[in-house]
Amino acid sequence: MSQKEQKINVNNIKNKKNLEPVVMITAYDALFAKLFEEYVDIILIGDSLNMSFNGKKDTLSATMDMMLYHATAVANGTKRALTVADMPFGSYTDERTALKNAIKFIQKSGVDAVKLEGGRNMATTIKKLCENSISVMGHIGLMPQQVRYEGGYKIKGRKEDEAKNLIKDAKALEEAGVFAIVVEGTLSDVAKEIANSVNVPVIGIGSGVDVDGQVLVFSDMLGFFEEFKPKFVKRYLNGANLVKEAVKAYANEVKARAFPSEEFEYKR
Ligand code: KIV
């Protein structure tokens, strides 16, 4: 196996701190995971799938069964990238529940690690998972699972005490044993300070460039999810248009009896 093909582990990710940016993307099935993994370090089975794939308005109704199904599909399709499964809302309300559900991800789906949202309030839970040999990625800043509680998606770090608390959160997560931390929807200068405050990689989403890596939701960055485009999303492909054009061409050819032409036929 060449170095490029070697399986990436959590230590490889940690070692990238101050050396090279970590590249992370979401995927929800084996098909896309296979396409992505040559170019990325981490594939996240994010609970964002509840919006783009399940058509819900937020992530809160994602269930363990759903996440296990998609995590298994991604793990099946991935050889090299590190796979991380999002623990859905309500699946880590206390240490016991968190441990039981995190073990399900590792044993049943075969992913390498889990991610959960929260700062100092989650430190003892994360410590418990790490003590049980489960690799954990933290997630602070804008936490989508809090959207109903907070009454919307709120950019973080605008107030001084909020910025200070985020740094405390990051330090608590590092102390608890996370191998990396996602910082979402946070002012760029605050995200930079967070990255400078800990020795594990800080992976940003909507948090500027001065962090240790980036993550984007694949259906956003490939332009498949048309309903909404947050400011921080760069569309690298106009996926929705390409797909629509292709399906339109197919439909037109079927209606005109132009497909299948001879080359697509089985003949005697
Ligand atoms: O669910 C998800 O896709 C995520 C990313 C936004 C980091 O948590």
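These figures come from a predicted structure and were not determined experimentally. Indexing begins at 1, ligand by ligand and atom by atom, following the structure's order.
One side chain, Tyr92 or Gln145, offers a donor N or O that lies under 3.5 Å from an acceptor on the other.
Residues with a heavy atom under 4.0 Å from ligand 1: Thr26, Leu44, Gly46, Asp47, Ser48, Asp86, Lys115, His139, Glu184, Ile205, Val217.
In this structure, Tyr69 stands alone, with no Ile, Leu, Val, Met, Phe, Trp or Tyr side-chain heavy atom under 4.5 Å from its own, directly or through other members.
Between Phe32 and Tyr28, the ring centre distance reaches or exceeds 6.0 Å.
One distance of note links OG of Ser207 with CG of Leu142; it measures 8.5 Å at 0.5 Å rounding.
When all heavy atoms are compared, the tightest approach of Leu68 to Lys104 is CD2-O, 3.7 Å.
The pair Lys7-Asp112 counts as a salt bridge, with a side-chain nitrogen and a carboxylate oxygen less than 4.0 angstrom apart.
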